[in-house]
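Heads up, the thing below is written out as structure tokens.
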Amino acid sequence: KDWTWSANFTLGYTWNRIKNAKNLTQTNELIRNEGGNKEGYPVNSLFSIPYAGLEPGTGIPLYINEKGEITKEIDKQGTDTDYLIYEGQVDPKWTGGFNTTVRYKNLSLNAFFTYTICFGMGYTWQQGLTIVLLSGILFLLVAVTPLRGKIIASIPASLKAAIAAGIGLFIAFIGLLGSGTGIIMLDSANHITGLNFSIEGAFNMNALLTIIGVLIIAVLMAWKVKGALFIGIIVTTLIGIPMGVTQIPDWETIKAGFSNITIAPTFFQFDFAGLLDHGVLPLITAVVTFAVVDMFDTVGTLVGTAGTAGMLDEDGNYPKGDKAIIADAIATCTGACLGTSTVTTYVESSAGISEGARTGLSTIVVGILFLLAIVLAPIAGIVPGAATAPALIIVGVLMLKSAAKVEWDDIEIAIPAFLTIAMMPFAYSISDGIGFGIISYTLIKLFRGKAKEVPVLMYVLTVLFIAAFVLSNLGA
């Protein structure tokens, strides 16, 4: 019951206090004293047991010892907690079965940062942030040249339609997962195992509330009610109160959230001097891979959301996309300075577009609200994931209509389009889906004897994606 709030509480509001704890016992005591985990559960989070994810292939929990080394063992009483880890999870070994999992938006770029750059290639998180900055600068250099528009123009119209449909399926999949407590069940290794209507013999109220939310929004949209998504989220949140899903924090907890807010631990924490310690090729691999993935996450999201908004021209291009790409590249550089992994255009923008957003004013309002959320997080956090997941599922439905624009009768484009759509949710990555689509399209045309029909830039993109896939896996 208290874990989700305790994790958020620990993350932002008690850093200055929690970081001084010398072991797990002191950490938990500080959390209890600050109004976080009132039940006293041992918290395996950013500032207690340093959880480093699951070992690929085995699912064995990995941790980081006080020397910064990856290990399967941990000294429960002597762990130094004064550093930052990018993913947290409650470990059932220390919580007596209280095994709720929390994921911090673990999309492709965050996963690449954590598991490949830091855990796989051996860079520190400070060096990782430096790599993100360099990739952002490289992305920006491409974004301010005419190459940015040519990249979008070189992608066939059917592939652009598939990108939009794939993004729709992807965000619907995110909503169905519900961070591990949604309609779809995940095991400890994040493998899908089936429907998730029961947890340890009890009915999964989060899944039930998600279904209720989907029905509410669907009915409102069928009646053409303006603001159906927003109304649906609010109503679903209220319904979640008697169901025990929506948690109302007490005043002391809310008041504590207005203090101790700082970005000092991650602000401008770059390490240029140590970048070459691992060699030149790994550095180039990391920078180029980040830049390529960031660029195509952005391009894919822009094409998909603009298509949903009816803002693409007759060739499937987005005339005003140049400025958006430049803004995204600048955001990547800025995010690295503030201490976060690659900032990219979010597919959740589709929710605003479905409600009529077109000019960018809604984005400005959302940005202002995010600034307010820094100090109002305890109040904003009242809305549970089960109330926002239905909006993602419904928007996914709206975006899937783009699949009708694919030339399914032409097998030379149908297969790349299908791979684009399917790989986005299955690989949990927009750029991976685009990469599979571009590579398969180019190779099919090439071996079909239609090499001249493929734009030169598509060959370049194919090589870049193949290189990115190979190098990133070699790095891991």
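When reading the values below, keep in mind they use all heavy atoms of this one structure, side chains included, and skip hydrogens, waters and symmetry mates.
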Would you please classify the geometry between the F173 ring and the Y428 ring as parallel, tilted or perpendicular, with 30° and 60° separating the classes?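 Rings of Y428 and F173: perpendicular, over 60°.
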
Mutual orientation of the aromatic rings belonging to F270 and F272 [parallel < 30°, tilted 30-60°, perpendicular > 60°]: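 The arrangement is tilted - the two ring planes meet at 30° to 60°.
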
According to ring pair (Phe, Tyr, Trp, His ring centres under 6.0 Å), does anything in residues 288-311 pair up with another residue at least two apart or in another chain? List the pairs.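 The answer is F112-F290, F296-F465.
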
Work out which heavy atom in [X] is nearest to a heavy atom in [Y]; give both atom names and the distance.
| X | Y | value |
| --- | --- | --- |
| A386 | N206 | CB-O, 3.6 Å |
| L169 | P425 | CD2-CG, 3.8 Å |
| T332 | G136 | CG2-CA, 3.6 Å |
| L338 | T266 | O-OG1, 3.0 Å |
| Q269 | L129 | O-CD1, 4.2 Å |

For atom [atom1] of [X], is the number of surrounding heavy atoms from other residues, nucleotides or ligands below 6.0 Å larger than 12?
| X | atom1 | value |
| --- | --- | --- |
| Y459 | OH | yes |
| Y123 | OH | yes |
| K150 | NZ | no |

Is a side-chain donor or acceptor of [X] paired with a backbone partner of [Y] at a separation under 3.5 angstrom?
| X | Y | answer |
| --- | --- | --- |
| S440 | G437 | yes |
| S158 | I413 | no |
| D328 | T298 | no |
| H278 | L283 | no |
| T130 | Q126 | yes |

One thing to verify: whether E453 and R448 come together as a salt bridge, which I'm taking to mean a side-chain N less than 4.0 angstrom from a carboxylate O.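 So R448 does not pair with E453 through a salt bridge.
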
Can you confirm whether T210 sits close enough to I393 that some side-chain heavy atom of one is under 4.5 Å from a side-chain heavy atom of the other?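 Yes, at least one pair of side-chain atoms sits under 4.5 Å.
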
Hey, does P416 have a side-chain heavy atom less than 4.5 Å from the side chain of I444?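 Contact flag for I444/P416 side chains = yes.
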
At what distance, to the nearest 0.5 angstrom, does CE of M458 lie from CD1 of I438?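 One finds 5.0 Å between CE of M458 and CD1 of I438.
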
Nearest 0.5 Å, what's the NZ-NZ distance between K160 and K405?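 Taking NZ in K160 and NZ in K405, the distance rounds to 12.0 Å.
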
Distance only, no hydrogens: is a donor on one side chain within 3.5 Å (strictly under) of an acceptor on the other, for D294 and T342?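 No pair is found: no donor N or O on one side chain lies under 3.5 Å from an acceptor on the other.
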
Is the ring centre of F469 less than 6.0 Å from the ring centre of F436?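 So the answer is yes for these two rings.
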
